[in-house]
*Asks:* 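I'd like to ask some things about the structure below.
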Amino acid sequence: MCYYILRKSNFVFIIDEINRGNISSIFGELITLIEESKRIGAKEELKLRLPYSKKLFGVMDNIYILGTMNTADRSIALIDTALRRRFDFVEVLPNEEILNDVYVEGVSIKDMLKKINMRIAALYDREHMIGHSYFIPLINNPDLNTLSMIFKKNIIPLLQEYFYEDYEKIGLILGDNNKNHEDKFIVKKDCDYNMLFGSNVDIDIDIPYIYEINEDAFENINAYKMI
């Protein structure tokens, strides 16, 4: 009876960020058993004896193994060949449709995220597009304060990492080039190097301004509308 129930049920194992793990430690010699042709009941059914219990072990065809990976993680390029041979790879892109009915003071979060990701794909690559999961809190709390916290604690730091603090490009991603000064997330501030360092500094400094994050923009709904 127990065997019958086991055969009729499907079981799923999820291994998060599988490409970061040590495949030998995760599967060991049993990695061969997860191949479709080696499953119990298949033509090339295979069982191995476990080292401690000394019992024969096999994998049935109702066992599913899902491994997640982040395409922005460069370690994906070094993923174990044995893993590549035994898994199908399915790309899962950001799903803006989940945010279809989410609006914050008239701003469509779906359209805003889609525009941001289009710009990231153009200025960086499609593998670094921002996932919809960052904006899931807005489904239950579609207010400016929640949106502000998402941008302040997640989106801006992520863009800083992506573009190595190239604030010119970060500003382009956020549409700051088409905004009034008070609506920009990234602003330029004039810098008087003579005032900072004195006139006798023997260094060639030719940048007349520095970039700053405009904290007021996080609470300004127009900053998001103009993205």
*Asks:* Who are the ring-ring contact (aromatic ring centres under 6.0 Å, His included) partners of Phe185, not counting sequence neighbours?
*Replies:*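 Counting only residues at least two positions away or on another chain, Phe185 forms a ring-ring contact (aromatic ring centres under 6.0 Å, His included) with Phe151, Phe218, Tyr224.
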*Asks:* Count I, L, V, M, F, W, Y as connected when their side-chain heavy atoms are under 4.5 Å apart, and connections chain through other members. Are Leu174 and Val187 then in the same cluster?
*Replies:*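 Different hydrophobic clusters.
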*Asks:* Say whether Ile116 and Met226 are linked into one hydrophobic cluster, either directly or through other cluster members, by side-chain heavy-atom distances under 4.5 angstrom.
*Replies:*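 Hydrophobic grouping puts Ile116 apart from Met226.
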*Asks:* Hey, any chance Leu113 and Val102 share a hydrophobic cluster, counting ILVMFWY side chains that come within less than 4.5 Å of each other, even indirectly?
*Replies:*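 Yes, same cluster.
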*Asks:* Quick one: closest heavy-atom pair of Gly58 and Ile40, and the distance?
*Replies:*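 Nearest pair, atom of Gly58 first, then Ile40: C-CD1, 3.7 Å.
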*Asks:* Taking side-chain hydrogen bond (donor to acceptor under 3.5 Å, both in side chains) as the definition, give me every residue that meets it alongside Thr146, ordered by chain and number, with sequence neighbours left out.
*Replies:*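 Counting only residues at least two positions away or on another chain, Thr146 forms a side-chain hydrogen bond (donor to acceptor under 3.5 Å, both in side chains) with Asp143.
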*Asks:* Can you measure from CD1 (Ile150) to CD1 (Ile156) and round to the nearest 0.5 angstrom?
*Replies:*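 If I round to the nearest 0.5 Å, the distance is 12.5 Å.
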*Asks:* Could you check whether atom OH of Tyr134 has more than 12 heavy atoms from other residues, nucleotides or ligands sitting under 6.0 Å from it?
*Replies:*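 No.
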*Asks:* Between Lys114 and Asp111, is there a side-chain N and carboxylate O pair less than 4.0 Å apart?
*Replies:*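 No.
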*Asks:* So, Arg86 side chain and Ile31 main chain: donor-acceptor pair closer than 3.5 Å or not?
*Replies:*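 Between the backbone of Ile31 and the side chain of Arg86 there is a qualifying donor-acceptor contact (under 3.5 Å).
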*Asks:* Determine the minimum heavy-atom distance between Leu144 and Val104, stating which atoms define it.
*Replies:*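 The answer is N-CG1, 3.6 Å.
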*Asks:* A quick test of your reading: do over 12 heavy atoms of other residues, nucleotides or ligands sit less than 6.0 Å from CE of Met118?
*Replies:*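 Atom CE in Met118 is not crowded, with 12 or fewer foreign heavy atoms closer than 6.0 Å.
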*Asks:* Looking at every heavy atom in both Ala223 and Ala217, which two are closest together, and how far apart are they?
*Replies:*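 Answer, listing the atom of Ala223 first, then Ala217: CB-O, 3.5 Å.
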*Asks:* Got a sec, which residues hit salt bridge (charged side-chain N to carboxylate O under 4.0 Å, His left out) with Lys47, two or more places apart in sequence or on another chain?
*Replies:*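 Checked Lys47 against salt bridge (charged side-chain N to carboxylate O under 4.0 Å, His left out); zero matches.
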*Asks:* Is the shortest heavy-atom distance from the side chain of Leu159 to the side chain of Ile120 under 4.5 Å?
*Replies:*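 When only atoms from C-beta onward are counted, Ile120 and Leu159 do touch, with a gap below 4.5 Å.
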*Asks:* If I compare all heavy atoms of Ala42 with all of Lys38, which pair ends up nearest, and what's the gap?
*Replies:*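 That closest heavy-atom pairing would be CB-N, 4.5 Å.
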*Asks:* Linking Ile, Leu, Val, Met, Phe, Trp and Tyr through side-chain heavy atoms less than 4.5 Å apart, which residues share a cluster with Tyr103?
*Replies:*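 The other cluster members (ILVMFWY side chains, heavy atoms under 4.5 Å, direct or chained): none.
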*Asks:* About how many Å separate CD of Glu212 and OH of Tyr167, when rounded to the nearest 0.5 Å?
*Replies:*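 Output value for this atom pair is 10.0 Å.
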*Asks:* Evaluate the side chain to side chain contact (heavy atoms under 4.5 Å, CB included) criterion for residues Ile213 and Gln160: first the C-alpha distance (whole Å), next the side-chain angles of each, then the deciding distance (0.1 Å), finally the verdict.
*Replies:* CA-CA 11 Å; Ile213 295 176; Gln160 288 174 315; 3.6 Å; yes
*Asks:* Restricting to side-chain contact (heavy atoms from CB on, under 4.5 Å), what partner residues turn up for Asp16, sequence neighbours left out?
*Replies:*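 Partners of Asp16 under the side-chain contact (heavy atoms from CB on, under 4.5 Å) test: Thr68.
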*Asks:* Quick one: hydrophobic cluster around Val12, which other residues, with the 4.5 Å side-chain cut-off, linked directly or via members?
*Replies:*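 Besides Val12, the cluster holds Ile14, Tyr64, Leu66.
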*Asks:* Report yes if some heavy atom in the side chain of Lys188 is under 4.5 Å from a heavy atom in the side chain of Tyr211; otherwise report no.
*Replies:*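 Yes - at least one pair of side-chain heavy atoms lies under 4.5 Å apart.
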*Asks:* Give a yes or no on whether Lys152 atom NZ has more than 12 heavy-atom contacts from other residues, nucleotides or ligands under 6.0 Å away.
*Replies:*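 For Lys152, atom NZ is crowded (more than 12 foreign heavy atoms under 6.0 Å).
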*Asks:* Measuring from atom CG of Asn154 to atom CE of Met149, what distance do you get when rounded to the nearest 0.5 angstrom?
*Replies:*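 Those atoms lie 10.0 Å apart.
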*Asks:* Taking only residues two or more places apart in sequence or in another chain, which ones pass side-chain contact (heavy atoms from CB on, under 4.5 Å) with Glu182?
*Replies:*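 Result, side-chain contact (heavy atoms from CB on, under 4.5 Å) vs Glu182: Asn180.
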*Asks:* Are Ile98 and Ile139 packed together at the side-chain level, in the sense that at least one heavy-atom pair is separated by less than 4.5 angstrom?
*Replies:*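 A side-chain contact exists here, since the closest heavy-atom pair is under 4.5 Å.
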*Asks:* To the nearest 0.5 Å, what is the distance between CZ (Arg39) and CG (Asp61)?
*Replies:*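 If I round to the nearest 0.5 Å, the distance is 7.5 Å.
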*Asks:* Rounded to the nearest 0.5 Å, how far apart are NZ of Lys153 and OG of Ser148?
*Replies:*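 These two atoms lie 9.5 Å from each other.
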*Asks:* Report yes or no: does Arg126 contribute a side-chain atom to a donor-acceptor pair with the main-chain N or O of Ala121 at less than 3.5 Å?
*Replies:*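 No: the side chain of Arg126 does not pair with the backbone of Ala121.
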*Asks:* Atom CG of Asp176 and atom NE2 of His181: how far apart are they, to the nearest 0.5 Å?
*Replies:*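 Rounded to the nearest 0.5 Å, the CG-NE2 separation comes to 10.0 Å.
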*Asks:* Is any side-chain heavy atom of Met112 closer than 4.5 Å to one of Leu147?
*Replies:*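 Side-chain contact under 4.5 Å: yes.
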*Asks:* List for me each residue that meets salt bridge (charged side-chain N to carboxylate O under 4.0 Å, His left out) alongside Lys169, sequence neighbours excluded, and say none if there are none.
*Replies:*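 Lys169 satisfies salt bridge (charged side-chain N to carboxylate O under 4.0 Å, His left out) with no residue once adjacent residues are dropped.
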*Asks:* Holding to side-chain contact (heavy atoms from CB on, under 4.5 Å), I want the full list of residues that pass it with Ser37, two or more places apart in sequence or in another chain.
*Replies:*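 Ser37 satisfies side-chain contact (heavy atoms from CB on, under 4.5 Å) with Glu35, Glu44 only.
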*Asks:* Sequence neighbours excluded, which residues qualify as salt bridge (charged side-chain N to carboxylate O under 4.0 Å, His left out) partners of Glu97?
*Replies:*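 For Glu97 the salt bridge (charged side-chain N to carboxylate O under 4.0 Å, His left out) partners, ignoring immediate neighbours, are Lys110.
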*Asks:* Going by the rule side-chain hydrogen bond (donor to acceptor under 3.5 Å, both in side chains), which residues pair with Glu105 if we only count those two or more places apart in sequence or in a different chain?
*Replies:*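 With neighbours one apart ignored, the set is empty.
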*Asks:* Taking the side chain as everything from C-beta on, heavy atoms only, tell me whether Ile173 gets closer than 4.5 Å to Phe163.
*Replies:*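 In contact.
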*Asks:* Side-chain heavy atoms nearer than 4.5 Å, only ILVMFWY residues, links allowed to pass through others: does that put Ile155 and Met129 together?
*Replies:*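 No, it is not one cluster - the side chains of Ile155 and Met129 are not joined through contacts under 4.5 Å.
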*Asks:* Considering residues at least two apart in sequence or located in another chain, which fulfil the side-chain contact (heavy atoms from CB on, under 4.5 Å) criterion with Asp216?
*Replies:*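 In terms of side-chain contact (heavy atoms from CB on, under 4.5 Å), with neighbours along the sequence ignored, Asp216 is linked to Asn214.
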*Asks:* Linking I/L/V/M/F/W/Y whenever their side-chain heavy atoms sit closer than 4.5 Å, directly or via other members, would Leu30 and Phe11 fall into one cluster?
*Replies:*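 Same hydrophobic cluster.
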